[in-house]
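Written out below as C-alpha cells is the structure these notes cover.
Just so it is clear: chains get the letters A, B, ... in the order the sequence lines come, proteins before strands, and each one is counted from 1. Note that the coordinates shown come from a computational prediction; the quantities given were computed from them, not determined experimentally.
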Protein chains: 2
Amino acid sequence: MKRVSIKDVAKKAGVSASTVSYVLNRTPTETISPETTKRVMDAVEKLGYVPNLNARSLASKYSNLIGVLIPQTEPGKEFMFSNPFYGELLSAIEYTARQNGYHLLLSGTQEDQSYMGIAQNRDLDGIIIVGTYPGENLYQLKRLGVPIVLVDSYVKDKDFYTVGIDDRKGARLATDYLIKKGHKKIAFISGSIRENGVNIKRWEGYCDAMKEAGLSINEDAIYSGNVDYNYGLIAAKQYIDRGKNQTAAFITADVISIGVLKGLIQHGVNVPEDFSIVSFDGVYLARMSYPSLTTVSQDIAGKGKRAVQLILDATGNKEKSYTDCVLPLRLVERDSVRELRCE
Amino acid sequence: MKRVSIKDVAKKAGVSASTVSYVLNRTPTETISPETTKRVMDAVEKLGYVPNLNARSLASKYSNLIGVLIPQTEPGKEFMFSNPFYGELLSAIEYTARQNGYHLLLSGTQEDQSYMGIAQNRDLDGIIIVGTYPGENLYQLKRLGVPIVLVDSYVKDKDFYTVGIDDRKGARLATDYLIKKGHKKIAFISGSIRENGVNIKRWEGYCDAMKEAGLSINEDAIYSGNVDYNYGLIAAKQYIDRGKNQTAAFITADVISIGVLKGLIQHGVNVPEDFSIVSFDGVYLARMSYPSLTTVSQDIAGKGKRAVQLILDATGNKEKSYTDCVLPLRLVERDSVRELRCE
DNA sequence: TCTAGTTACTGAAACGTTTAAGTAATAATT
DNA sequence: AATTATTACTTAAACGTTTCAGTAACTAGA
C-alpha cells in the first residue's frame with residue numbers, strides 16, 4: 001500500500017518537493033506563480049495526496065494535535081466518564097478543535113502516574129488537563145514548552161493557563177437560593193474535599209452563605225464521597241440513617257444528585273415535597289430526571305471552547321491574553337426545590 | 001526548551017544511537033550485552049529521555065495510535081455525545097488502548113465528510129469507526145492498509161473487522177417480553193430507520209415478535225426521529241396526540257426512553273402504571289431514572305475492549321480471528337414494565 | 001551599461017527515529 | 001590451523017516533511 005508522498009506530487013507537477021510544500025502551506029515569505037500553484041494543486045487532487053502530519057510535525061515542531069487528559073475517576077474501572085460532565089466537556093473540546101483543524105490525543109489519567117509519557121511523545125501543540133491537582137507530575141510538563149490549559153484546577157502557577165468558574169460563588173448562589181426559599185437545615189453533599197480542588201471551594205461557598213444567614217452547620221449535615229451516581233445512593237441512605245435532620249441539600253454535582261434522588265425515593269422521601277435539592281454543573285442529565293434538578297449551571301460548551309482557544313492563541317503567538325478565564329454561572333430553576341412556609 | 005534525543009542518550013552511554021534504539025525496543029534479533037543495556041538504561045533515566053513517537057512512527061510505520069471516529073450526532077451542534085452510549089463506549093476503548101500502550105486520536109465525524117484527512121494523516125495503527133454506513137468515504141479508507149474495526153455497522157465487506165450485537169434478536173427479546181407480560185398494542189419508537197443501520201434491524205426484530213404472536217402493527221404505533229432525549233419528549237407528545245392507542249412501547253435507545261418517560265409524566269401518563277417501556281442499550285442512565293428502565297442491555301465495555309483487541313491482534317500479525325464479533329445481550333428487568341392482567 | 005532588487009523557483013540539511021547491512025572480535029567446529 | 005558461527009556492536013540510509021540558503025532570470029534604477 002504505497003502512500004503518495006510530496007515527491008510524487010512534485011514529480012507529477014514537474015516542480016521540486018519544496019515548491020509543493022510552499023504551495024500547500026501558503027508560506028507568506030515565498031512567492032509562487034499562479035500557474036505553478038495550479039499545476040501543483042491539480043497534481044494533489046489527482047493523486048489524492050494528503051500530507052503526513054507525523055513527518056510535518058517532526059520537521060516543523062507543530063503537530064495540529066492537542067493532548068487532552070481527563071481523570072480516570074475510578075481507578076481500575078473502565079469508565080472514565082462516570083461523570084457525564086466529562087463527556088460533555090470533551091465533546092465541546094473536540095468540536096472546537098476540529099473546527100480549527102486540530103485533532104485530539106486523548107488519554108485518561110491516574111493521579112500517581114506521570115503525565116510525561118503521554119505528553120512528550122508527540123510534539124503536541126498544547127495540552128488540556130482537566131481537574132488536576134498540584135504535583136510533580138504536573139510541573140514536569142512545563143519543560144515541554146507548550147501551552148498548557150488547566151480546566152477546573154486551583155493550581156497557582158503563572159506558567160499555566162486556566163479555565164474555570166468561581167466555584168465558591170456558585171456554591172453560595174445555590175445555598176442562598178435554598179435559604180431564600182425558607183430552608184434552614186441544609187445538608188452539604190459532595191465529592192471528596194481536597195485541598196486545591198473544586199469541592200473545597202464549593203464547601204467554602206456553602207459556609208459563606210450559611211454563616212451570613214446566621215445558620216449553624218451541623219456535623220451530621222456534611223456528606224462527602226465520590227462524584228458518581230452510586231455515592232448519591234449512599235448519601236441518601238446515610239441521610240435516612242442519621243435521622244433525616246435536614247430539609248434540603250446543596251449537592252456539588254448533578255450526578256450525585258441523581259443518585260440522591262433515587263435513593264430518597266426508594267426510602268419514601270419525595271423531592272421536592274419532603275426534601276429540596278439544588279445541585280451543580282448543569283449537565284444534560286439535570287433536565288432529564290424527574291423531578292428535574294434546580295442547579296447552578298456552568299457553560300460547559302464554553303469551557304471546552306475557551307480551553308482550545310487559549311491554546312490556539314498561544315500557538316499563534318498572540319499576546320498571552322485571558323490567561324485566567326473565569327466563566328459565568330447561573331442558577332437554573334427547575335423542579336427539585338420546594339418553598340418552605342415559615343412555621 | 002531543548003528536548004533530549006536518542007543521540008544525547010547515546011553520547012552519555014558511550015554507544016551509538018542504534019544501540020540505544022535496540023536496547024529500548026528489545027528487538028529480538030539483536031543481542032546487546034547486559035552491561036551496555038544497563039549503561040543505556042541509566043543514561044535514559046538520568047536524562048529523562050522519552051522517545052519521540054512521531055519520529056518513531058515515521059521510521060517504523062507503527063505509531064501506537066488508534067484513530068476513533070464517532071458520529072457527530074447533531075451536525076453543527078457541539079455535543080457529539082448527545083447519546084451517553086458513545087461516552088461509555090469511548091471510555092472503554094480508551095481504557096483498553098491505554099492498558100496496551102496505545103493512545104487515541106479522537107475525531108467526530110459528519111457523514112458527508114471524507115474520513116481520509118482524519119485517518120491518513122498520522123500513520124495510525126488502526127481505526128475504530130462507530131456506527132457508520134456504507135459509502136465512498138468509508139471504502140476509501142481501505143487504501144490505508146491498516147486494520148479497520150466497524151462498531152455497530154451493518155456494512156458487508158470482508159476487509160473490515162466488525163464488532164456488534166444481534167440487533168434483530170435483541171429487539172425481538174424486548175418485544176417478546178412485553179408480549180409475555182400481556183401487552184398487545186405495542187409501539188415502536190426509534191431513531192431514523194435507515195438501510196444498513198441498527199434501527200432497521202431492531203425494527204425487523206420487533207416485527208418478528210409481533211408477527212409470531214399474531215399481533216398487528218398499526219401505522220400509528222410507529223415513531224421515528226433522532227436518537228436523543230428531545231426526540232423522546234416529542235414522541236411522548238405524539239403518543240398523546242394520536243390518542244394513546246398503545247399500552248407499551250419498545251424503544252430502541254435508552255436516551256430516547258428517558259425523554260419519553262419525562263414527556264409522559266408531564267402529560268399525566270405514569271410509567272409503568274399506565275404505560276410500559278422496554279428499551280435498548282443498557283447505559284448507566286437506564287438505572288438512574290425513576291422508574292428505572294427495563295432494557296436490553298449490551299456489554300458496552302466489552303464492545304470497546306473487543307474493538308481495540310481486534311486491532312492489536314491484527315497489528316501483531318496474528319491470524320485474522322474473530323473477524324466478526326457478535327456480543328451477547330441480556331434483558332435486564334427493572335421498573336418500567338407492568339404486567340397486564342387479561343381482560 | 002552596470003548594479004541592485006525582485007520573482008520564482010531548487011537543493012540540501014534537518015527533525016528523531018528504525019533497521020538492514022556491515023564489521024571486528026571472540027568462540028566453536030572441522 | 002583454518003574456517004565458520006556467534007556476539008556485540010556501528011554505519012548509514014530511510015521515513016516524509018519543512019525551511020534556510022542559494023541561484024538564475026528578469027526588471028528597475030542610476
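Looking at heavy-atom distances under 4.0 Å, A/Thr31 makes contact with a base. Contacts of B/Asn54 with the nucleic acid, taken as non-hydrogen atoms under 4.0 Å apart, are absent. Counting non-hydrogen atoms under 4.0 angstrom, A/Ser21 reaches a base of the nucleic acid. Residue contacts shown for B/Thr19 include a base, since a base heavy atom lies under 4.0 Å away. Nucleic acid contact for A/Ser57: none, since no nucleic acid atom lies under 4.0 Å from a heavy atom of the residue.
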Where along nucleotides 24-29 of chain D does protein come under 4.0 Å, by heavy atom, of base (B) or sugar-phosphate alone (S), with - for untouched nucleotides? ------
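Computed from coordinates, the A/Leu24 CG to D/dG16 P distance equals 16 Å when rounded to whole Å. In this structure, CZ of A/Arg26 is placed 16 Å from P of D/dT19, rounded to the nearest angstrom. A straight line from CZ of B/Arg3 to C1' of C/dT17 spans 12 Å, rounded to a whole angstrom. Between the CG atom of B/Leu53 and the P atom of C/dC15 there is a distance of 18 Å, rounded to whole Å. Atom CD1 of A/Ile6 and atom C1' of C/dT10 are 13 Å apart (whole Å). For the pair A/Ile32 CD1 and C/dA8 P, the interatomic distance rounds to 9 Å; values are reported in whole Å. Rounded to an integer number of Å, the gap from B/Asp123 CG to C/dG16 P is 18 Å. Between the OH atom of A/Tyr62 and the P atom of C/dC15 there is a distance of 20 Å, rounded to whole Å.
Of the options B/Val308, B/Thr315, B/Leu124, a side chain to side chain contact (heavy atoms under 4.5 Å, CB included) to B/Ile66 is made by B/Val308 and by none of the others.
With C/dA20, D/dT17, D/dT18 as the candidates, the nucleotide lying closest to the side chain of B/Tyr22 is C/dA20. Closest to the side chain of B/Tyr49, from the set D/dT17, C/dT17, C/dG16, is C/dT17. Across C/dT10, D/dT10, C/dC15, the shortest atom-to-atom separation from the side chain of B/Ser16 is found for D/dT10. The side chain of B/Arg56 sits closest to C/dT18 out of D/dA8, C/dT10, C/dT18. Side-chain proximity of B/Ser18 to D/dC9, D/dT18, D/dT10: nearest is D/dT10. Which of D/dT17, C/dC15, C/dA12 sits closest to the side chain of A/Lys61 comes down to C/dC15. With distances taken from any side-chain atom of B/Asn52 to the nucleotides C/dT17, D/dT10, D/dT18, the minimum falls on C/dT17.
Electrostatic pairing of B/Arg306 and B/Asp299 does not count as a salt bridge here, judged by no charged N lying under 4.0 Å from a carboxylate O. Salt-bridge check for A/Asp152 with A/Lys303: passed, with a basic side-chain N closer than 4.0 Å to an acidic carboxylate O. Between A/Lys38 and A/Asp42 there is a salt bridge, with a side-chain nitrogen of the basic residue lying less than 4.0 Å from a carboxylate oxygen of the acidic one.
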Check the pair A/Asn54 / B/Ser57 against side-chain hydrogen bond (donor to acceptor under 3.5 Å, both in side chains), numbers first and verdict last. CA-CA 7 Å; A/Asn54 270 151; B/Ser57 103; 2.7 Å; yes
Test side chain to side chain contact (heavy atoms under 4.5 Å, CB included) on A/Phe160 and A/Lys142 and set out the steps. CA-CA 8 Å; A/Phe160 298 120; A/Lys142 291 205 267 185; 3.8 Å; yes
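Environment of CD in A/Glu136: crowded, with over 12 heavy atoms of neighbouring residues, nucleotides or ligands closer than 6.0 Å. The 12-atom threshold is exceeded at NZ of A/Lys61, counting heavy atoms of other residues, nucleotides or ligands nearer than 6.0 Å.
An OP1 or OP2 oxygen of C/dC9 is reached within less than 4.0 angstrom by a side-chain nitrogen or oxygen of A/Ser33. In this model, the phosphate group of D/dC9 is approached by a side-chain N or O of B/Thr36 to a distance below 4.0 Å at OP1 or OP2.
At a cut-off of 3.5 angstrom, counting only N and O atoms as typed in the model, there is no donor on one side facing an acceptor on the other between the side-chain of B/Ser60 and the base of C/dT19.
Comparing A/Asn25 and B/Leu58 along DNA chain D, the residue whose closest nucleotide (by nearest heavy atom) sits nearer the 5' end is B/Leu58.
Side-chain contact check for B/Tyr115 and B/Thr132: at least one donor-acceptor pair (N or O, by modelled atom type) lies under 3.5 Å.
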